[in-house]
Amino acid sequence: MRENHSLNRFVPSLLTLPKGSSLGILGSGQLGQMMGRAAQKLGYRVCIYDSVSQGPATHIADEVMVHSFDDQEALNHFASKVDLITIEFEHIPLRALEILAALKPVHPSPRVIEICQNRRLEKEFLHSHGIPLAPFEVITTAQELERALHHLNAPCLLKTATEGYDGKGQIALHPDDDPFLAWDTLKANRAVLEKKIFFLAEASLIMARSSSGDIVSFPWQENVHLQGILHTSATSPPFLGEKKARALGEKILEALEVIGLMTMEFFVLPDGTLLLNELAPRPHNSGHHTLESSLTSQFEQTIRAIAGLSFGSTELKSEAVMVNLLGDLWRDGDPPWEVLLNHPQVHLHLYGKKEAKPGRKMGHFTILGKDRENLLLTAEQLFKQLQPR
Ligand code: ATP
Ligand code: MG
C-alpha cells in the first residue's frame with residue numbers, strides 16, 4: 001500500500017444530505033453515469049437533466065429530464081424534484097446554474113464552474129493567484145492574434161475560450177502562419193493563444209474539498225494524450241513533483257472555496273517545473289482507474305464531498321493503468337472483447353453509447369497489478385489486439 005494522501009479525513013459536515021434524498025446531475029455523459037452509480041450506492045436517488053437524450057447516465061438514473069438549459073420552467077421543475085445539484089460537465093450555461101442555485105444548493109458553485117468553463121477566466125484567475133502557467137495571451141481579433149504570435153514568437157496553440165474538450169477547438173500555429181486564416185478557421189469570439197510546451201510528461205491531480213474546508217488528495221497519475229485526447233493514465237509517475245502539485249492544488253481549492261472535486265492537469269518540464277494546463281471541477285477521465293485501484297473512487301469522493309459525508313480513504317490498493325476506448329475501434333464492428341475479458345486483472349467499462357464515432361469515448365479498461373512498467377506494456381499489447389484489422 002502507498003502512503004495515505006488524505007489530510008484531515010473523517011470530519012463529517014453538519015449539513016449531511018439524508019439518505020433517500022435526490023441528487024440532480026446536470027449532463028448525461030459517462031461521468032454522470034459513474035457519479036450516479038456512486039450516489040445510488042450511498043443511498044441517494046439520481047435525477048439527470050440534459051438537453052440531449054439517451055446519454056450514458058440516463059441508463060442508470062432514477063429519473064431523467066431532457067430539456068434545453070434555457071428552459072426556465074423545466075429548470076424550476078428540476079430544482080423542485082431534487083435536494084442537491086451537481087454537474088458532470090462544466091459547459092452548462094451560467095444563467096441556468098444561477099437559476100438553480102437560487103432554488104437548491106449547487107456544488108461546485110456557479111462561480112467555480114463559470115471560471116472553469118472559460119479558459120480566459122481560468123487562466124486569469126490562476127495567474128492572479130501565482131499558479132505557474134504556460135505563457136498566454138487573450139485574443140479577440142485577428143489583429144490581436146497577429147501581435148500575440150509575434151510577441152510569443154514560438155510554436156503556439158490557439159484555443160477557444162469556451163466549449164473546448166478532448167483537444168477540440170484548438171489550432172497549432174507557428175509564428176509565421178497566417179493569423180487571419182487561423183482566426184477565421186477557429187470561429188470563436190474569444191480565444192487564448194498559448195505557447196506550446198515541450199514537456200517531459202503530463203500528470204493530473206484530483207483533490208476534493210468539503211463544505212467545512214477539509215481537503216483530500218488522490219495520488220497523482222501520469223497521462224498520455226494522442227491527438228489531444230487522453231489515451232492512458234498510469235499510477236505512480238516516475239518523476240518528482242507530487243508534493244508541489246498538491247500544494248498548488250490546495251491553494252486553488254481554497255481560493256475557489258470548492259465544494260466537490262477538482263482536477264488539475266499539469267505539464268511536467270524536464271527540470272521538474274510544473275505548469276498548470278487546466279482545471280476540471282469534477283471527476284476526470286484520468287481518475288477512472290480509482291474505481292478499482294483506490295479504496296474510494298473519485299466518483300464516490302465527489303458524492304461524499306457534496307453530500308457532507310466524511311471523506312473515504314484515497315489510498316491505492318494497487319498500481320493501475322487505464323486505457324480509453326475510442327469509437328475508432330468499432331470501425332469493423334464490435335472489438336474482440338474476449339481479449340480484455342480473458343485477462344484476470346482487467347476491468348472493462350462500456351458506457352452504452354449507441355453510435356461509435358471516431359474520437360468519441362465509448363468506454364475504458366483498467367488493468368491492475370504491482371509493476372507499473374509491466375502494466376503499461378501489457379495495456380498497450382491488449383489495446384493493439386482490439387484494433388480493427
Ligand atoms: P480535455 O478537456 O479533454 O482535457 P481540452 O480540449 O480542454 O482537453 P487541453 O487540456 O487544453 O484541451 O489540451 C489537450 C492536450 O493537448 C493536452 O493534454 C496536451 O497533451 C496538449 N496540449 C494542450 N496545450 C498544450 C501546450 N500549451 N503545449 C503542449 N501541449 C499542449
Ligand atoms: Mg485537458
Side-chain angles (χ1 to χ4, degrees), residues 27 29-31 87-92 113 115-124 126-127 131-139 145 148-149 151-175 182 186 188 190-206 220-234 237 245 249 252 261-270 273-288 298 322-327 351 357-362 364:
Q30 61 269 19
L31 296 174
I87 56 151
E88 65 104 43
F89 81 123
E90 57 272 33
H91 302 302
I92 311 270
I113 302 167
I115 289 174
C116 295
Q117 68 182 200
N118 185 315
R119 281 188 204 282
R120 178 181 72 91
L121 294 182
E122 185 176 291
K123 283 188 189 291
E124 287 174 350
L126 293 167
H127 184 65
I131 307 293
L133 304 170
F136 73 96
E137 298 203 16
V138 176
I139 309 293
L145 177 59
L149 265 177
H151 184 217
L152 290 174
N153 195 25
C156 285
L157 285 157
L158 180 64
K159 302 181 177 181
T160 55
T162 55
E163 303 290 330
Y165 70 98
D166 286 347
K168 293 185 177 68
Q170 298 194 13
I171 299 177
L173 288 175
H174 282 87
L186 192 71
R190 221 168 256 278
V192 168
L193 183 72
E194 191 179 302
K195 194 168 173 185
K196 183 169 177 162
I197 301 300
F198 293 91
F199 49 74
L200 172 74
E202 289 187 88
S204 60
L205 182 70
I206 302 173
W220 73 345
Q221 48 267 316
E222 180 180 13
N223 303 323
V224 173
H225 291 79
L226 299 178
Q227 272 129 33
I229 306 180
L230 185 67
H231 171 49
T232 58
S233 293
I252 294 167
L261 223 66
M262 180 64 89
T263 306
M264 272 86 30
E265 296 180 16
F266 290 101
F267 298 132
V268 184
L269 305 194
T273 303
L274 294 182
L275 298 180
L276 198 129
N277 172 25
E278 62 170 354
L279 302 176
R282 51 164 171 79
H284 193 258
N285 193 170
S286 64
H288 287 2
Q298 62 164 349
M322 188 261 357
V323 182
N324 268 335
L325 301 169
L326 304 183
Y351 308 141
K357 294 186 202 150
R360 187 174 201 200
K361 291 173 181 168
M362 302 296 290
H364 71 268

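Counting convention: from 1, in listed order, for ligands and their atoms alike. We use all heavy atoms of the structure for the numbers below, so side chains are in, but hydrogens, waters and symmetry mates are not. Residue numbers start at 1 and run along the sequence shown.
- Of all protein heavy atoms, the one closest to atom 17 (C) of ligand 1 is Glu202 OE1, 3.3 Å.
- Looking only at distances, no side-chain donor or acceptor of Glu222 sits under 3.5 Å from a matching main-chain atom of Ala201.
- Contact annotation: for Lys159 versus ligand 1, heavy atoms closer than 4.0 Å belong to the side chain alone.
- From the protein, the heavy atom lying nearest to atom 1 (P) of ligand 1 is Glu278 OE2, 3.4 Å.
- When atom types are taken as modelled, the side chain of Glu88 and the backbone of Gly29 share a donor-acceptor pair closer than 3.5 angstrom.
- In this structure, the protein non-hydrogen atom closest to atom 27 (N) of ligand 1 is Glu194 OE2, 2.7 Å.
- Looking at Asn223 against ligand 1, nothing comes within 4.0 Å, counting heavy atoms.
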Practice prompt. Determine, stepwise, if the pair Asn285 / Ser233 fulfils side-chain contact (heavy atoms from CB on, under 4.5 Å).
Written response: CA-CA 8 Å; Asn285 193 170; Ser233 293; 6.0 Å; no

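- Shown in contact with Asn277 at under 4.0 Å from a heavy atom are these atoms of ligand 1, numbered in order with element: 9 (P), 10 (O), 11 (O), 17 (C), 18 (O).
- Under a 4.0 angstrom heavy-atom cut-off, Ala134 registers as lying outside contact with ligand 1.
- Formation of a donor-acceptor pair under 3.5 Å by the Gln117 side chain with backbone atoms of Glu90 is found in this model.
- The side-chain contact (heavy atoms from CB on, under 4.5 Å) test with Phe266 singles out one residue from Asn277, Thr273, Leu276, Leu275, and that residue is Leu276.
- With a heavy-atom cut-off of 4.0 Å, His91 does not touch ligand 1 at all.
- Asp166 N, 2.9 Å is the protein heavy atom nearest to atom 3 (O) of ligand 1.
- Using a distance-only test at 3.5 Å, with no hydrogens or angles considered, a donor-acceptor pair links the side chain of Thr263 to the main chain of Arg282.
- From the protein, the heavy atom lying nearest to atom 26 (C) of ligand 1 is Leu157 CD1, 3.4 Å.
- At a distance under 4.0 Å, no protein heavy atom can be found next to atom 21 (C) of ligand 1.
- Summary of contacts: the protein heavy atom closest to atom 14 (C) of ligand 1 is Gly228 O, 3.7 Å.
- Among protein heavy atoms, atom 12 (O) of ligand 1 sits closest to Gln170 NE2, 2.9 Å.
- Judged as a side chain to side chain donor-acceptor pair (under 3.5 Å), the pairs with a partner in residues 161-173 (not counting sequence neighbours) are, in order, Asp166-Lys361.
- Within Glu278, the N/O/S atom positioned nearest the Mg ion (ligand 2) carries the name OE2.
- Between Phe136 and His127, the two ring planes are perpendicular [angle over 60°; tilted spans 30° to 60°].
- Side-chain atoms of Gln221 and Ser204 include a donor-acceptor pair closer than 3.5 Å.
- Take the N/O/S atoms of Glu265: the one nearest the Mg ion (ligand 2) is OE1.
- Atoms of ligand 1 lying under 4.0 Å from any heavy atom of Glu265, numbered from 1 in the order shown and given with element: 4 (O), 10 (O).
- Annotation: Arg119 places an N or O atom under 3.5 Å from an N or O atom of ligand 1; distance criterion only.
- Inclusion of His225 in the set of residues having an N or O under 3.5 Å from an N or O of ligand 1 is warranted.
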Worksheet item: After noting the C-alpha distance and the side-chain angles of Glu202 and Phe267, does the key distance pass the side-chain contact (heavy atoms from CB on, under 4.5 Å) rule?
Response: CA-CA 5 Å; Glu202 289 187 88; Phe267 298 132; 3.4 Å; yes

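- At least one heavy atom of Phe267 sits less than 4.0 Å from an atom of ligand 1.
- When hydrogens are left out, the protein atom nearest atom 30 (N) of ligand 1 is Phe199 CE2, 3.6 Å; that is the closest non-hydrogen contact.
- Every residue meeting the side chain to side chain contact (heavy atoms under 4.5 Å, CB included) condition with His231, not counting sequence neighbours, appears here in chain and number order: Leu226, Val323, Glu380, Phe383.
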Practice prompt. Kindly determine whether His288 and Leu31 satisfy side-chain contact (heavy atoms from CB on, under 4.5 Å), including the steps that lead there.
Written response: CA-CA 9 Å; His288 287 2; Leu31 296 174; 3.4 Å; yes

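- In this structure, a donor-acceptor pair under 3.5 Å is present between the side chains of Glu265 and His284.
- Contact annotation for Ile197 and ligand 1: heavy atoms of both the backbone and the side chain come within less than 4.0 Å of the ligand.
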